[in-house]
Amino acid sequence: GWRRAMGRPALLLLALCAAGARGLYFHIGETEKRCFIEEIPDETMVIGNYRTQMWDKQKEVFLPSTPGLGMHVEVKDPEGKVVLSRQYGSEGRFTFTSHTPGDHQICLHSNSTRMALFAGGRLRVHLDIQVGEHANNYPEIAARDKLTELQLRARQLLDQVEQIQKEQDYQRYREERFRLTSESTNQRVLWWSIAQTVILILTGIWQMRHLKSFFEAKKLV
Amino acid sequence: MGDKIWLPCPVALLLLATVFSVLLPGAAGFTPSLDSDFTFTLPAGQKECFYQPMPLKASLEIEYQVLDGAGLDIDFHLASPEGRTLVFEQRKSDGVHTVETEDGDYMFCFDNTFSTISEKVIFFELILDNMGEQEQEQEDWKKYITGTDMLDMKLEDILESINSIKARLSKSGHIQTLLRAFEARDRNIQESNFDRVNFWSMVNLVVMVVVSAIQVYMLKSLFEDKRKSRT
């Protein structure tokens, strides 16, 4: 905690303290696994932040922090290969960069080993996932590259435009896949209808011929 | 060097130390952004709820779409911090809702209990406005920059147009997210069509061949029995 405080001014800390209560949260059970899908272009960085709170049955409130509780984070790429599989503390931050475009799956589950902690059965997880240029830490970039305000803002706009462009390229690739599947389906429907008609006609002819020869053999006709 | 005042290092550290020690333990480690979107899988027969804390007089816009899964529909429920139901939709494929918020945690739920076998993939996007954080962010950035820019008078105009560009690019980003969700849904529909066409064509073929063979052999067997009974 002390190391994290070193690089930030007091004002930002206070802002964080107030804003930290503002994120989306949900409840999970002890062995429950929650997965989120992020469809992203390639070479895109994704940063996820989470914070957990445990339900205190006696006081009937959520405790501000959960010492000793870990969350296991697993990220799979579109082909199902595991990109990240790590255990973090009750509060954590995970990062990964995509190398193939597509659906990446981010799964979280708690690794509680002590059943007593979960008597109430609920764990509150605050989650925030930032993709692409939203993941950039501009104050850090400004300090590192020694930028003036104008330069920093221009840099941010450039990053934003670059992300939009990447997304558009990815959109083009997806649309092509979509079009190929549609065209393939259309073709198959057409060929199958023709084949079906031909098979029906042939089967009808075969049935008639076979029955005719059968009746003739049995001396009915 | 600019006309900004930088505290000498030890004093800055002392200030940080006092402020940090005053803060509650377990203070948040991150500032969540104002707009977020999530895509998740909802198994059959389950319900999942999310909560979003909101301040007074802000605006919460939630947009959801079902991207994959059988009938592409889901039940949606939005409740105010007091538990009052603001929105209740059943078996909808997508929806947009905006609410003027009061202070507290808003809860919204996706309900897939009506479905027994198919799991749904649901995309939802939260757009928060008037949260009062925009100015804070700009103030924070000021603390990190080095040097000044020349032409202080013109700087204000330039900054204003930069802000406007940023807002417009954010809007483009939003529209892209939306288009992505639509496209994903259409693609899933098409892929499921493709699978269905393949499967039922095969079934059709097998059924046709089997039925025609059965018809022929049944007729044949009818005649054979009668012949035997006559003699």
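The sequence lines fix the lettering, A, B, ..., with proteins before strands; numbering per chain opens at 1.
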Quiz item: Would a 4.5 Å heavy-atom cut-off, applied to side chains only, mark L159(B) and E149(A) as touching?
Solution: yes
Exercise. Any ring pair (Phe, Tyr, Trp, His ring centres under 6.0 Å) involving residues 176-215 of chain B? Give me the pairs, sequence neighbours left out, ordered by first then second residue.
Key: none
Quiz item: Considering only heavy atoms from C-beta outward, does the side chain of R153(A) approach that of N163(B) to under 4.5 Å?
Solution: yes
Quiz item: Under a 4.5 Å cut-off applied to non-hydrogen side-chain atoms, are E175(A) and R187(B) in contact?
Solution: no
Quiz item: Measuring heavy-atom distances to chain A, does S170(B) have an atom under 4.5 Å in its side chain, in its backbone, in both, or in neither?
Solution: both
Self-check item: Atom pair OG1 (T39(B)) and NE2 (H104(A)), whose distance is rounded to the nearest 0.5 Å
Solution: 13.0 Å
Quiz item: What part of F36(A) gets closer than 4.5 Å to chain B, counting heavy atoms only: side chain, backbone, both or neither?
Solution: both
Quiz item: How long is the gap from OG on S36(B) to CG on D128(A), to the nearest 0.5 Å?
Solution: 6.5 Å
Exercise. Check whether L126(B) gets within reach of chain A through its side chain, its backbone, both or neither, counting any heavy atom under 4.5 Å.
Key: side chain
Self-check item: Leading residue by heavy atom contact count with chain B [cutoff under 4.5 Å; candidates Q163(A), R34(A), R179(A)]
Solution: R34(A)
Quiz prompt | Contact class of L157(A) relative to chain B, heavy atoms under 4.5 angstrom | solution = both
Exercise. With a 4.5 angstrom heavy-atom cut-off, could you sort out which part of L169(B) is near chain A: side chain, backbone, both or neither?
Key: both
Exercise. Output the distance between atom CD1 (I40(A)) and atom CZ (R180(B)), rounded to the nearest 0.5 Å.
Key: 9.0 Å
Exercise. Tell me, out of R177(A), R124(A), Q160(A), who's got the most heavy-atom pairs with chain B below 4.5 Å.
Key: Q160(A)
Exercise. Could you grab the distance from atom NE2 of H210(A) to atom CD of Q215(B), nearest 0.5 Å is fine?
Key: 12.5 Å
Quiz item: Got a second to check how far F26(A)'s CZ is from C109(B)'s SG, nearest 0.5 Å?
Solution: 13.5 Å
Quiz prompt | Pick from R174(A), E39(A), E167(A) with the largest number of heavy-atom pairs that fall under 4.5 Å of chain B | solution = R174(A)
Self-check item: Closest approach of S172(B) to I164(A) (non-hydrogen atoms, all atoms of both residues)
Solution: CB-CD1, 3.7 Å
Quiz item: Side chain, backbone, both or neither: which part of N198(B) has a non-hydrogen atom closer than 4.5 Å to chain A?
Solution: side chain
Quiz item: Looking only at heavy atoms, which of residues 201-209 of chain A get nearer than 4.5 Å to chain B?
Solution: T203(A), W206(A), Q207(A)
Self-check item: Which atom of G23(A) lies closest to which atom of P53(B), heavy atoms considered
Solution: O-CD, 2.9 Å
Quiz item: Considering only heavy atoms from C-beta outward, does the side chain of Y51(B) approach that of H27(A) to under 4.5 Å?
Solution: yes
Quiz item: Counting a contact as any heavy-atom pair under 4.5 Å apart, which residues of residues 206-214 of chain B contact chain A?
Solution: M208(B), S212(B)
Exercise. Can you run down the ring pair (Phe, Tyr, Trp, His ring centres under 6.0 Å) pairs that involve residues 139-189 of chain A, sequence neighbours left out, and say none if there aren't any?
Key: Y170(A)-Y173(A)
Quiz item: Could you go step by step and tell me if L24(A) and Y106(B) meet the side chain to side chain contact (heavy atoms under 4.5 Å, CB included) rule?
Solution: CA-CA 10 Å; L24(A) 184 80; Y106(B) 279 77; over 6 Å; no
Quiz item: Which residue out of N193(B), L205(B), T41(B) racks up the most heavy-atom pairs below 4.5 Å with chain A?
Solution: L205(B)
Practice problem: Name the option with the most non-hydrogen atom pairs under 4.5 Å to chain A; the candidates are T177(B), L219(B), D37(B), N204(B). | Solution: N204(B)
Quiz item: For the candidates R196(B), Q176(B), E191(B), E48(B), which exhibits the highest count of non-hydrogen atom pairs separated by less than 4.5 Å from chain A?
Solution: Q176(B)
Quiz item: Heavy atoms, side chains only, cut-off 4.5 Å: are F38(B) and I37(A) in contact?
Solution: no
Practice problem: Please tell me if the side chains of F40(B) and I106(A) come closer than 4.5 Å, counting only heavy atoms from C-beta onward. | Solution: no
Practice problem: Please examine the side chains of Q171(A) and E183(B), heavy atoms only from C-beta on, and report whether any two atoms are closer than 4.5 Å. | Solution: yes
Self-check item: Between Q190(B) and S182(A): side-chain donor-acceptor atoms closer than 3.5 Å
Solution: yes
